[in-house]
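Order of the sequence lines sets the chain letters (A, B, ...), proteins ahead of strands, with each chain counted from 1.
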2 protein chains.
Amino acid sequence: MLDHLLNPTVKDATQFIGRYKSSRVIVIYGQVEATYSGRAAAQLRLMPRLIITKPDGVLMVHEGYREKPVIWNPPGSQLFVSVDGDVLVLRSIRYSPREYVTIRIHKVYMVSSMEIGLTEDFKVIGTEKDVVDAIMANPSLVEDGFKVLSREYETMVGSIDILGEDKLGNLVVVEVKRGEASPEAVHQLKRYVEYIKGKNPGRGVRGILVATGISTSAYRYLKDYGLEFRRYTHANIINYT
Amino acid sequence: MLDHLLNPTVKDATQFIGRYKSSRVIVIYGQVEATYSGRAAAQLRLMPRLIITKPDGVLMVHEGYREKPVIWNPPGSQLFVSVDGDVLVLRSIRYSPREYVTIRIHKVYMVSSMEIGLTEDFKVIGTEKDVVDAIMANPSLVEDGFKVLSREYETMVGSIDILGEDKLGNLVVVEVKRGEASPEAVHQLKRYVEYIKGKNPGRGVRGILVATGISTSAYRYLKDYGLEFRRYTHANIINYT
DNA sequence: GCCTAGGTCCCGTCG
DNA sequence: CGACGGGGCCTAGGC
């Protein structure tokens with residue numbers, strides 16, 4: 001189930017990685033240098049680091065801090081293992097966009113491997129989709145008398161989360177954010193409102209931003225543009241999901 | 001330098017993790033269940049998984065596929081280790097925003113640990129900043145006769161990468177993207193141009209999007225708005241960085 | 001395959 | 001400390 005080699009020879013480590021790279025997760029502690037080139041470029045000098053590969057092609061070089069790897073290639077990349085003198089070489093190619101990672105391991109302290117699966121039905125609760133779902137089920141979360149006309153209404157300038165109508169017959173553009181709304185969210189809403197206004201001359205059009213909160217500068221933009229903000233809390237939503 | 005325990009008792013594993021959690025990277029292979037709650041929520045049933053902790057508070061639960069952990073807490077989080085019967089429990093708290101990760105390890109196959117550093121002077125070449133630097137050094141990359149007036153010019157609607165002037169005395173708003181420009185980039189540029197026009201009535205104002213490429217829909221928006229596109233290649237830039 | 005938009009985004013920088 | 005915007009973003013969903 002779990003295999004590992006301590007201070008293996010380059011040859012043994014190469015064989016080990018070759019055997020498991022397409023079926024298991026592999027973890028390597030080693031003295032490592034690495035380069036990346038593709039859309040951008042980066043380089044790492046020799047140092048102890050942690051390397052992880054996964055059967056889907058993921059390759060990551062981790063350091064002692066940060067959540068993200070310093071150098072990596074994403075799923076779909078292809079991994080090649082070879083030997084250059086006393087150095088174990090991992091080369092990874094991502095094809096679209098073309099990106100290359102080369103890792104030279106001068107000393108392998110440990111290489112280990114285990115078969116690990118995937119939670120197929122993994123689900124995160126509390127995403128933007130959940131909030132939109134709740135509004136669809138109970139439109140009054142936006143405001144009293146609000147009626148939904150369309151979800152994911154497609155326009156030339158992007159897709160509107162919810163397009164609806166208020167009790168006075170005005171069109172209402174609703175933009176939903178799962179957390180704190182930023183200025184960018186307000187600009188987005190403004191764009192949609194201007195588009196809908198252009199398409200419906202003479203008709204009243206309102207824009208409502210629905211989020212758990214809003215930054216002060218975003219709120220200033222919002223007010224400048226004549227848009228509205230509606231706060232929701234997790235408690236508002238939870239009953240309708 | 002590298003320590004590890006194979007199939008340790010819960011007690012030994014606990015002690016091991018407690019000793020190293022604030023100074024080293026720790027890797028655990030185990031039979032794991034986990035929950036996350038905070039801005040959102042998620043849950044994982046018992047399964048073999050890979051767990052990594054780092055001294056800066058990073059905690060990650062990895063599965064056999066994907067680059068990103070399924071459940072995690074970022075740097076700055078605090079890790080607590082305890083025992084619940086035969087189960088090793090890791091609890092992690094992130095304080096702002098408040099988020100909790102609880103990991104229950106029913107079986108530890110291996111726990112290992114090594115001190116790993118950080119590349120302090122790590123640098124990625126080819127970021128947006130590099131492109132802007134190159135234009136600052138050689139404004140004609142934008143167009144012949146272009147003069148820079150200001151970098152990161154702050155406005156009410158965001159900060160303009162480069163504000164300049166063309167040879168005819170028109171104001172020129174330059175928006176730089178490191179890769180393929182999306183519609184979002186065009187909207188951003190349009191916003192800035194409108195703002196600058198509003199502040200400089202009667203003066204000619206142009207908007208130029210500088211990127212390695214542009215999607216077809218983004219190009220359509222760009223033309224509709226009367227904006228311009230200037231392609232750059234890595235080769236254009238590299239001489240000026 | 002590319003395009004589009006969300007993310008528990010993370011991450012650095014600047015106030 | 002929060003706020004803002006970039007990222008080799010990654011990842012899921014449409015076309």
Side-chain angles (χ1 to χ4, degrees), chain A residues 35-42 56 58 60 65-77 94-101 122 124-132 152 154 157-161 175-185 187-188 213-219 221, chain B residues 35-42 56 58-60 65-77 92 94-101 122 124-132 152 154 158-159 161 175-185 188 212-219 234:
Chain A
T35 63
Y36 150 72
S37 72
R39 289 167 294 179
D56 61 355
V58 165
M60 301 185 281
Y65 303 83
R66 312 289 141 83
E67 178 181 330
K68 300 187 62 175
V70 264
I71 282 186
W72 73 93
N73 252 353
S77 309
R94 175 189 193 175
Y95 291 97
S96 177
R98 205 84 175 189
E99 307 205 89
Y100 303 92
V101 171
F122 182 66
V124 176
I125 299 164
T127 60
E128 176 176 317
K129 181 176 174 300
D130 295 327
V131 181
V132 176
E152 292 297 314
E154 298 293 336
V157 295
S159 89
I160 295 173
D161 287 335
E175 173 63 29
V176 176
K177 289 297 163 199
R178 69 163 303 287
E180 294 276 311
S182 69
E184 204 46 44
H187 297 311
Q188 210 176 331
I214 184 166
S215 73
T216 51
S217 72
Y219 190 75
Y221 297 152
Chain B
T35 63
Y36 150 71
S37 72
R39 288 168 295 178
D56 61 354
V58 165
L59 174 64
M60 301 184 282
Y65 302 83
R66 312 290 139 83
E67 177 181 332
K68 299 186 65 175
V70 262
I71 282 186
W72 73 90
N73 251 351
S77 309
S92 170
R94 176 190 193 173
Y95 290 97
S96 175
R98 206 85 176 187
E99 306 204 271
Y100 304 92
V101 172
F122 182 67
V124 176
I125 299 163
T127 59
E128 177 176 317
K129 183 177 173 299
D130 294 328
V131 182
V132 176
E152 292 298 314
E154 299 293 337
S159 92
D161 288 335
E175 174 63 29
V176 176
K177 288 299 163 198
R178 70 162 303 286
E180 294 277 311
S182 68
E184 202 46 44
Q188 210 176 329
T212 57
I214 184 166
S215 72
T216 52
S217 70
Y219 190 75
H234 205 62

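Nucleic acid contact class of B:Glu180 (heavy atoms, under 4.0 Å, all strands): none. Among the protein residues, B:Ser37 comes within range of no part of the nucleic acid, since none of its heavy atoms lies under 4.0 Å from any strand. Within the nucleic acid shown, B:Ser159 has no heavy atom closer than 4.0 Å to any nucleic acid atom. Among the heavy atoms of the strands, none lies under 4.0 Å from B:Glu152.
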Contact letters for nucleotides 7-15 of chain D, in which S counts primed atoms plus P, OP1 and OP2 and B counts the base, heavy atoms under 4.0 Å: SBSSSS---
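A tilted orientation is assigned to the rings of A:His187 and A:Tyr221, their planes being inclined by 30° to 60°.
Here B:Glu152 pairs with B:Ser159 under the side-chain hydrogen bond (donor to acceptor under 3.5 Å, both in side chains) rule; sequence neighbours left out. Listed by chain and residue number, A:Asp133 satisfy the salt bridge (Lys or Arg N to Asp or Glu O under 4.0 Å) test with A:Lys129 (two or more places apart in sequence, or in another chain). A:Arg178 pairs by the side-chain hydrogen bond (donor to acceptor under 3.5 Å, both in side chains) definition with nothing, not counting sequence neighbours. With sequence neighbours excluded, no residue satisfies side-chain hydrogen bond (donor to acceptor under 3.5 Å, both in side chains) with A:Asp161. In this structure, A:Arg66 has no side-chain hydrogen bond (donor to acceptor under 3.5 Å, both in side chains) partners at least two apart in sequence or on a different chain.
Between A:Ser182 and the phosphate of D:dG5, there is no side-chain N or O to OP1/OP2 separation shorter than 4.0 Å.
Residue A:Met60 contributes atom CE, which lies 16 Å from atom P of C:dC10 at whole-angstrom precision. The separation between A:Tyr95 atom OH and C:dG1 atom C1' is 17 Å, rounded to whole Å. Atom CZ in A:Arg98 sits about 16 Å away from atom C1' in C:dG1, given to the nearest Å.
With a cut-off of 3.5 Å on both Watson-Crick or G-U wobble distances, the partner of D:dG8 is given as none.
D:dT11 and C:dC11 are spaced 14 Å apart, taking the P atom of each and rounding to whole Å.
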